[in-house]
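To keep things clear, I will list the structure first and then write my remarks on it.
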Number of protein chains: 2
Amino acid sequence: MMQPEQKVDPRILRTRKLILDAFMTIAKTKDFASISIKDITDAATVNRATFYAHFADKYELLDAVLTDTFFKNMHEHLNCHDRLNEDTVANVFLAITRFQKELSVQWKKSYESFRPIIENKIKKDLEGLFYLLLTNQNLAVEKEKLKIWSVLLSWEIYGACTDWQQNSTLPAEKYIKTAMPYILQGMAVLV
Amino acid sequence: MMQPEQKVDPRILRTRKLILDAFMTIAKTKDFASISIKDITDAATVNRATFYAHFADKYELLDAVLTDTFFKNMHEHLNCHDRLNEDTVANVFLAITRFQKELSVQWKKSYESFRPIIENKIKKDLEGLFYLLLTNQNLAVEKEKLKIWSVLLSWEIYGACTDWQQNSTLPAEKYIKTAMPYILQGMAVLV
DNA sequence: GGCATTCTGTGGCTTACGCAACAATGGGAT
DNA sequence: ATCCCATTGTTGCGTAAGCCACAGAATGCC
């Protein structure tokens with residue numbers, strides 16, 4: 001989003017990465033609740049006090065990990081200069097479902113305890129993403145409305161993902177194609 | 001050797017490892033002479049000034065890399081509580097030849113410029129190793145003599161390695177078996 | 001219940017590292 | 001020969017990270 005990204009001390013990046021990597025590794029073998037800060041800092045070969053200089057607690061770390069991995073995943077299939085249209089929505093849907101799949105496989109032991117946190121996180125991120133896309137295509141609509149519509153759209157999409165995951169036997173591509181007319185109908189208010 | 005190994009700041013170990021790893025990686029693709037300090041520190045994501053806090057120059061780094069890898073290699077086939085005998089000598093010979101082989105393959109681009117440095121280094125290390133083994137088995141011989149005999153033995157063994165590498169077509173195991181009687185004859189002065 | 005143990009945040013102090021700037025050296029090109 | 005640019009070590013200063021010790025909370029065990 002902001003490309004200048006003014007220089008960050010390399011030590012900060014290094015330590016952050018050490019912590020994130022350590023956490024992701026541990027999450028594969030241990031339940032989230034039973035992971036202690038010490039487990040993480042030991043694995044990261046970082047002092048416990050240093051952890052707290054980067055993150056307030058375990059949950060903030062989880063948040064950061066999700067942001068990193070989710071956005072990484074997202075950007076592989078979407079660039080933020082796209083307009084919000086049928087293709088974009090479909091791509092977002094597919095990226096989310098793929099991401100969830102990956103998480104539940106990679107983080108077997110922790111995924112269940114993560115789920116509600118992940119859900120909120122992704123919806124917030126989505127909301128921000130949609131809002132960004134919408135403002136970028138300068139429509140003649142007040143920002144207030146765009147904000148709310150972003151919320152609606154993010155819940156809608158995320159709901160679709162959850163439903164697909166839990167109840168559907170369709171391939172993701174089919175599912176989203178089926179859902180698309182309804183979504184587009186809602187988005188039509190934009191133009 | 002010394003097992004207490006009083007605690008070292010983890011940052012030092014980390015930085016050192018980053019530098020060593022970076023160097024070994026670069027050595028695969030570039031000639032030693034053409035590797036700059038900046039190349040190394042960039043790859044290691046470490047500041048150039050930090051490099052100089054750890055090593056005086058490129059050669060000291062090379063020295064450290066060799067020590068680490070050589071001793072690692074050596075200890076896999078030998079423990080320092082062994083006595084100095086036929087088996088030990090044979091193991092050392094094989095460890096060295098294996099190590100040289102590995103280097104020349106791994107560090108294609110740099111090996112030739114390394115060679116003389118490596119040679120001195122290994123002989124020094126060998127000398128220390130032999131001296132250690134000899135003193136450990138408390139013989140009734142002055143230290144002064146043990147020191148000199150360690151030198152002779154290390155040159156002898158290293159010479160054998162070089163000759164094998166350059167002139168011999170025998171398998172290393174055969175070669176050392178052939179050379180062994182002569183070496184043992186020399187060592188007989190010890191008992 | 002009580003007791004011991006582990007974990008969590010936090011603060012004060014020390015140390016290692018990053019940064020920018022420097023003079024000195026050494027090719028390489030024209 | 002001259003200029004140019006890159007590399008080499010070195011320095012002083014600011015900041016991130018390590019270390020230790022602490023009190024309070026949580027957990028487990030009997």
Side-chain angles (χ1 to χ4, degrees), chain A residues 4-65 67-68 109-110 112-114 116-117, chain B residues 4-65 68 109-110 112-114 117:
Chain A
E5 290 287 344
Q6 79 253 4
K7 291 197 184 179
V8 184
D9 192 319
R11 288 174 291 185
I12 298 180
L13 299 175
R14 239 205 316 280
T15 302
R16 190 184 159 84
K17 180 161 165 42
L18 284 170
I19 295 175
L20 293 179
D21 288 349
F23 177 73
M24 288 192 276
T25 303
I26 297 177
K28 292 174 189 171
T29 65
K30 265 185 138 173
D31 176 65
F32 181 67
S34 69
I35 298 176
S36 75
I37 307 294
K38 191 169 184 317
D39 291 337
I40 299 168
T41 55
D42 283 354
T45 62
V46 152
N47 193 276
R48 208 162 53 83
T50 305
F51 175 92
Y52 289 106
H54 284 254
F55 306 97
D57 54 34
K58 237 192 326 185
Y59 298 91
E60 199 173 296
L61 168 60
L62 173 58
D63 192 283
V65 168
T67 303
D68 276 22
K109 293 282 159 50
S110 294
E112 277 314 312
S113 25
F114 285 172
I117 303 173
Chain B
E5 289 287 342
Q6 80 248 8
K7 291 197 184 180
V8 183
D9 191 318
R11 288 172 291 183
I12 298 180
L13 299 175
R14 223 185 357 257
T15 302
R16 190 183 158 84
K17 181 161 163 43
L18 284 170
I19 295 175
L20 293 180
D21 288 349
F23 178 74
M24 289 192 276
T25 303
I26 297 177
K28 293 174 188 169
T29 64
K30 266 184 138 175
D31 175 65
F32 180 67
S34 69
I35 298 176
S36 76
I37 309 293
K38 191 169 185 317
D39 291 336
I40 299 168
T41 55
D42 282 354
T45 61
V46 152
N47 193 275
R48 210 162 51 82
T50 305
F51 175 92
Y52 289 106
H54 284 254
F55 305 97
D57 54 34
K58 235 191 331 183
Y59 297 92
E60 198 172 297
L61 167 60
L62 173 58
D63 193 283
V65 169
D68 275 22
K109 295 280 162 45
S110 293
E112 276 315 311
S113 24
F114 286 171
I117 303 173

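No experiment lies behind these values; they were computed from the predicted model shown.
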In whole Å, I'd like the distance from the CG atom of A:L61 to the C1' atom of C:dT8. 15 Å

Does A:I35 reach the side chain of A:I40, with side-chain heavy atoms less than 4.5 Å apart? yes

Looking only at side-chain atoms of A:D57, point me to the closest of D:dG9, D:dG18, C:dG9. C:dG9

Integer-rounded Å distance: C:dC17 P and B:F55 CZ: 11 Å

Between atom CZ in A:F51 and atom P in D:dC19, what is the gap in whole Å? 17 Å

Rounded distance in Å - NZ (A:K58) to P (D:dA26): 14 Å

Donor-acceptor pair, B:D68 side chain versus B:V65 backbone, under 3.5 Å? no

Do the side-chain N or O atoms of A:R16 get closer than 4.0 angstrom to the phosphate oxygens (OP1, OP2) of D:dA16? no

Within less than 4.0 Å of OP1 or OP2 of D:dG9, is there a side-chain N or O belonging to B:Y52? yes

At under 4.0 Å, does any side-chain N or O of B:H54 touch on OP1 or OP2 of C:dC17? yes

When every nucleotide of nucleotides 19-25 of chain C is labelled 5' to 3' by its protein contacts under 4.0 Å (heavy atoms), B for base, S for sugar-phosphate only, - for none, what sequence of letters results? B-B----

Measure NZ/A:K38 against P/D:dG18 and give the value in whole Å, please. 14 Å

Sequence neighbours excluded, every pair satisfying ring-ring contact (aromatic ring centres under 6.0 Å, His included) that has a member inside residues 33-52 of chain B: B:F51-B:F55

Determine whether any donor atom in the side chain of A:R11 lies under 3.5 Å from an acceptor atom in the base of C:dC17, or the reverse, and answer yes or no. yes

Between CD1 of B:I12 and P of C:dT14 the distance, given in whole Å, is 17 Å

Looking only at non-hydrogen atoms, find the nearest pair between B:R16 and B:H54 and report the distance. N-CE1, 4.0 Å

About how many Å separate CG of A:D9 and CZ of A:R14, when rounded to the nearest 0.5 Å? 8.5 Å

Has the side chain of B:T41 got a donor or acceptor atom that lies under 3.5 Å from a matching backbone atom of B:K38? yes

Write down the distance between CZ (B:R14) and P (D:dA16), rounded to a whole number of angstrom. 15 Å

Evaluate the side-chain proximity of A:L20 to A:K17: yes if any heavy-atom separation is below 4.5 Å, no if none is. no

Nucleotide nearest B:I37 when distance is taken to its side chain, options D:dT8, D:dA16, C:dG9: D:dT8

Looking at A:K28, I want to see if its NZ is surrounded by more than 12 non-hydrogen atoms of other residues, nucleotides or ligands under 6.0 Å. yes

Note the angle between the end axes of the helix from C:dG1-D:dC30 to C:dT30-D:dA1, five pairs defining each, rounded to 10 degrees. 50°

Can you check whether B:F32's main-chain N or O pairs, donor with acceptor, with B:K58's side chain at less than 3.5 Å? yes

Between C:dA16 (P) and B:L18 (CG): distance, integer Å: 16 Å

